[in-house]
2 protein chains.
Amino acid sequence: MATSETANSPPARATPARTRRALPRAERRNQLIRATIKCVAKKGLAATTMADITTEAGLSTGIVNLHFKTKELLLVETLRFVTDEYKQGFDKIFVDKNSADLEIVRAIVNYDFSPQIVNRNKLAVWFAFLGEVKARPIYQKICARHDNDINQQLGALFASLLKRSGNHSVDVELIASGYSALTDGLWLDILLSPRRTSTAIAREVAWQYVSGIIN
Amino acid sequence: MATSETANSPPARATPARTRRALPRAERRNQLIRATIKCVAKKGLAATTMADITTEAGLSTGIVNLHFKTKELLLVETLRFVTDEYKQGFDKIFVDKNSADLEIVRAIVNYDFSPQIVNRNKLAVWFAFLGEVKARPIYQKICARHDNDINQQLGALFASLLKRSGNHSVDVELIASGYSALTDGLWLDILLSPRRTSTAIAREVAWQYVSGIIN
DNA sequence: TCCCTGAATGAATGATCATTCATTTGTTCT
DNA sequence: AGAACAAATGAATGATCATTCATTCAGGGA
């Protein structure tokens, strides 16, 4: 307990007092992105200031401009970070399992409602950016590309799954869009009222949708 | 055509040059809310300034503070305006039709994807506020209450519908939550990439979900 | 017609904030 | 060790913005 510390508080080291240490570029950038996620989740996109971010990271005023040039570029990288993270876990499901399509679908539903994904901070950041897509072409582009990638992979998966079961009467594109929309909506529900829509219930709703399709 | 004018441009009158006219409180407030919707849709919640709003409304600097006290209060009233407007149309469906439950469900799906609701400006505003719910308790409260109301009415409707068909094996709460989440997700898709997800497709996906339930 | 009331105006104010850059400090190479 | 380089700092700057309030003006009652 004595050695525990909050994620981004300045390290309470035994040695001198708060040394400043040069870090590889990539590591500093990651640290700043993480701090940004925390701040945006807590204060929202509109109210998050550079001072909030650098304080959260335990660093100095000019550090963001040094590593990202401008605040806006940091925000864009933060959005990319969040989408890339989701995509990595998503792709892993396809690679890991060379098992049956049905197993993959099951794994995706579990992934979408795993603690890794259903995390109020990350959800808040994701929807904060989505809330600005109409106004900011760059956010729109990143989010749309992300959604598109996911949908294409889901479409192929559903196609393979339904061909196997001899069902040709349904449009896989529609089903993939439906599943994506449903999960987005369920995440939003969880963000909005975590009491009412628990993760378990959301997973059940998503699973019901999927099993309604494949039976 | 000669007399047409954009909604909020300063009235191009034949008389003098831009008279200033006192308006009933409620009318001015509505005018400012409408201007806010336009601005938030165009520039986003974060970047919308008081000057943007008053310019859009064709009024002077201090007008918002006169009618809403602060910018934040104007934003809250704008959110309420958007949710109330949806709710009014929604309630009307229940009142208008004393017809079969199935007809009501059909009307709701049509309503949710009618031009009145699927309007990129209003969708942008709705999601702009949703994007800030984690950070702003007042937005969270308004949005959560709205979603809750809708869900309760939908739950009752589905219950009545399924009782009639003798189906007792399904949880109506789950179905209502699912439908709400699905529509939210579909709206988001439309906002994000209007090309890919057309309104017609979205309606079809929503209707597929519903008919999967009631059969 | 002439007040009187309150709606509307907009210049001025002060607070907030992103960005800059001269200086400090850590790291690496010889 | 110490020179050379790069990373990090943070006080200073200038821009942006919400809010204030003294003044202007429209409309209705006497």
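Computed over heavy atoms, backbone and side chain alike; hydrogens, waters and symmetry mates excluded. Quick caveat: nothing in here was measured; it's all calculated off a predicted structure. Each chain gets a letter, A, B and so on, in the order the sequences are listed, and its residues count up from 1.
Rounded to a whole Å, the CE atom of A:M50 is 5 Å from the P atom of C:dT19. The distance between atom CG of A:L32 and atom P of C:dT19, rounded to the nearest whole Å, is 14 Å. Rounded to whole angstrom, the span from the CG atom of A:L45 across to the C1' atom of C:dA18 amounts to 15 Å. One atom, CD1 of B:I63, and another, P of D:dT20, lie 15 Å apart when rounded to the nearest Å. Residue A:R25 contributes atom CZ, which lies 7 Å from atom P of D:dA7 at whole-angstrom precision. Atom-to-atom, CZ of A:R28 to P of C:dG26 comes out at 13 Å; the value is rounded to the nearest Å. Rounded to whole Å, atom P of D:dA7 lies 13 Å from atom CD of A:E27.
Using a 4.0 Å cut-off, some side-chain N or O of A:S60 falls inside it from OP1 or OP2 of D:dT9.
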All N/O pairs under 3.5 Å across the protein-nucleotides 27-29 of chain C interface:
none

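Between the side chain of B:T48 and the backbone N or O of B:L45, no donor-acceptor pair lies under 3.5 Å.
Near DNA chain C, defined here as any heavy-atom distance below 4.0 Å, the residues from residues 64-77 of chain A are A:N65, A:T70, A:K71, listed numerically.
Residues passing the side chain to side chain contact (heavy atoms under 4.5 Å, CB included) test with B:A202 are B:F113, B:L186, B:I190, B:T197, sequence neighbours excluded. Residues passing the side-chain hydrogen bond (donor to acceptor under 3.5 Å, both in side chains) test with B:S114, sequence neighbours excluded: none.
Ring orientation note: the planes of A:F90 and A:F94 are tilted relative to one another, at an angle of 30° to 60°. B:Y179 and B:Y209 have tilted rings, their planes meeting at an angle from 30° to 60° on a 0 to 90° scale.
Within the structure, salt bridge (charged side-chain N to carboxylate O under 4.0 Å, His left out) contacts touching residues 40-51 of chain B (residues at least two apart or in different chains) are B:K43-B:D52. Applying the salt bridge (charged side-chain N to carboxylate O under 4.0 Å, His left out) test to every pair with at least one member in residues 139-161 of chain A, sequence neighbours left out, gives no pairs at all.
Between B:I33 and the choices B:V82, B:L79, B:T78, the side chain to side chain contact (heavy atoms under 4.5 Å, CB included) rule is met once, by B:T78.
Aromatic ring centres of B:Y111 and B:Y86 lie closer together than 6.0 Å.
Counting any heavy atom pair closer than 4.0 Å across all strands shown, A:T49 reaches sugar-phosphate atoms only and no base atom.
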